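First the structure, in the form of structure tokens, and then the observations on it.
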Amino acid sequence: MDCMDNTKKGVKVSDNSEIISNGKTETMLCNNVKEKYDIVGSKSSLLLEERKSNATFERFLQSVISKFNEETSDNTSLSQLNLKIGFIGAGKMAQAICKGFIISKLIKAENVSASSTGMNTSNVESMKNIGVRMANSNADVMHSSDIIIIAVKPHIVSTVLQEINCIEMKSKLFVSVAAGITLEKIEELLPKNTRAIRVMPNTPCLVQCGASVCSPGSSATKEDCDMIVKLMSSIGICHVAPERLLNGVTGLSGSGPAYVFQMVEAMSDGGVKQGLPRDLATKLAAQTLMGAAKMVLETGLHPGALKDAVTSPGGTTISGLHELEKGGLRAALMCAVEAAAKRASELSHS
Ligand SMILES: NC(=O)C1=CN([C@@H]2O[C@H](COP(=O)(O)OP(=O)(O)OC[C@H]3O[C@@H](n4cnc5c(N)ncnc54)[C@H](O)[C@@H]3O)[C@@H](O)[C@H]2O)C=CC1
Ligand SMILES: O=C(O)[C@@H]1CCC=N1
């Protein structure tokens, strides 16, 4: 399912500035993304409250899931294996991956369990809403899963691995998504020869547009790695790379969605300053980033060449680009990736 397949969408503004979209050719997922924006746009006064309660987000997820359940799936090969997946940690990243797997139909909700200390109620409710079993303990998740995804904050990983170390784990595959925590450290805390893989995903896994890179540990087999690539590829792209690159990946694609959300917000502000209604400005900003990203991915052209194709001599774009150069946008983005990668490296030593 290509969540960016909405190029034929038309957006027009009626006299009273309401947005009318005729996105009939969009994929189902994008319709739901659109629906979310519509909710946000038309009820902006509720936005802050709804952001807090996650109500809009949950509604969005539920509508995505129910529509996907009506579709046939080509992901039968892995789902027929009835793989049991367990998440230790049920927060933002666990939910993005877990919901992505279920939506992609690669994994059945009844085969997923998750644990979360403190039982943060909104995380628990959110997982339960999509049919995931909330386990009473991390040991429970371990016992009932073939693949265990460690999705707690980096500084909690050692505690969790020490806690579950006593459980038989020859048949289990461990996946850690924790930023900065090395395979060496993970393998040291688990029984000898435990199969482990590190993955650096990002939150767009939730909408099947994730970008993940994985690195296998010393005892992980080719089949283990293939399995994880297949799983993560069902919710975006997934590459295998040496572990020494993972901090850089963390700084780029792991943290990157946050940089892009800031860009969307800032471009939207620019539109509002020009008199556009907020919901239209945000929609145009997000669609522009998505369309430009899709052109990079689909044409294979250098981003600089694509930039040149927008930029007429003496035209509007070069004036805008000049301001971005003066503001140091490119240097700022490079520094952001570098600073986040450095922080990931620090996490591995803390
Ligand atoms: N949020 C993101 O965009 C990304 C996060 N990651 C990694 O994912 C991991 C999780 O991050 P988030 O989901 O953002 O954090 P989060 O704070 O949303 O979720 C952490 C979860 O761990 C649970 N938890 C805490 N202690 C526990 C314990 N002892 N046993 C079981 N569960 C426990 C919490 O209750 C919570 O459900 C981190 O290691 C982070 O580096 C990786 C890529 C992107
Ligand atoms: O901010 C963090 O530490 C996590 C890791 C990558 C994205 N979010």
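For clarity, every value in this text was computed on a predicted model and none was experimentally measured. Note that ligands are numbered from 1 as they come in the structure, with each ligand's atoms numbered from 1 the same way.
Counting atoms of ligand 1 from 1 in the listed order, those under 4.0 Å from a heavy atom of T117 are 24 (N), 25 (C), 26 (N), 27 (C), 28 (C), 29 (N), 30 (N), 31 (C), 32 (N), 33 (C), 35 (O). Below 4.0 Å from some heavy atom of A179 lie the following atoms of ligand 1, by number and element: 39 (O), 41 (O). Atoms of ligand 2 found under 4.0 Å from any heavy atom of G254 (numbered from 1 in listed order, with element): 6 (C), 7 (C).
Between K326 and E323 a salt bridge is recorded (basic side-chain N to carboxylate O distance below 4.0 Å). Salt bridge present: K222 and D226 bring a charged side-chain N and a carboxylate O closer than 4.0 Å.
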For this session: Could you give me the CA-CA distance, side-chain angles and deciding distance for E346 and R343, then say whether salt bridge (charged side-chain N to carboxylate O under 4.0 Å, His left out) is met?
Result: CA-CA 5 Å; E346 287 165 7; R343 182 65 194 132; 2.9 Å; yes

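Using a 4.0 Å cut-off between heavy atoms, A151 contacts ligand 1 through its backbone alone, with no side-chain atom that close. If you look at N123 next to ligand 1, the close heavy atoms, those under 4.0 Å, all belong to the side chain. When non-hydrogen atoms are compared, ligand 1 lies under 4.0 Å from the backbone of K153 as well as from its side chain. Here V160 has side-chain heavy atoms under 4.0 Å from ligand 1, and that is the only part of it that gets that close.
Residue K92 places at least one N or O, backbone or side chain, under 3.5 Å from an N or O of ligand 1. The shortest N or O to N or O distance between V152 and ligand 1 is under 3.5 Å. Here's the thing with N138: one of its N/O atoms is less than 3.5 angstrom from an N/O atom of ligand 1. For ligand 1, the polar-atom distance check against I88 finds no nitrogen or oxygen pair separated by under 3.5 Å. By the 3.5 Å distance cut-off applied to N or O atoms, A90 is counted among the residues near ligand 1. On a distance-only criterion, T203 and ligand 1 share no N/O pair closer than 3.5 Å. The shortest N or O to N or O distance between I156 and ligand 1 is not under 3.5 Å.
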Enumerate donor-acceptor pairs with a distance under 3.5 Å from any side-chain N or O in residues 237-245 to protein atoms, sequence neighbours excluded.
from	atom 1	to	atom 2	distance (Å)
E243	OE2	L183	N	2.7
E243	OE2	R198	NH1	2.8

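At least one side-chain heavy atom of I186 sits less than 4.5 Å from a side-chain heavy atom of I181.
Ranking protein heavy atoms by distance to atom 3 (O) of ligand 2, first place goes to A179 CB, 4.7 Å. Ranking protein heavy atoms by distance to atom 2 (C) of ligand 2, first place goes to S255 OG, 5.0 Å.
V177 counts as a contact of ligand 1, since one of its heavy atoms falls under 4.0 Å from the ligand.
When the heavy atoms of G254, P201, P154 are ranked by distance to atom 43 (C) of ligand 1, first place goes to P201.
For the residue pair T311/T317, the side-chain donor-acceptor check at 3.5 Å is not satisfied. For the residue pair S144 / R133, a side-chain donor-acceptor distance below 3.5 Å is found, with atom types taken as modelled. Inspection of the T221 and D224 side chains reveals an N or O donor paired with an N or O acceptor under 3.5 Å.
Within 6.0 Å of CD on E184 lie no more than 12 heavy atoms contributed by other residues, nucleotides or ligands.
Cluster membership for V213 and I149, using ILVMFWY side-chain heavy atoms within less than 4.5 angstrom, is not shared.
Through direct or relayed side-chain contacts under 4.5 Å between Ile, Leu, Val, Met, Phe, Trp and Tyr, L301 connects to M295, V296, L306.
The presence of a protein heavy atom under 4.0 Å from atom 7 (C) of ligand 2 is confirmed.
Without hydrogens or angle criteria, Q208 side chain to G100 main chain gives a donor-acceptor distance under 3.5 Å.
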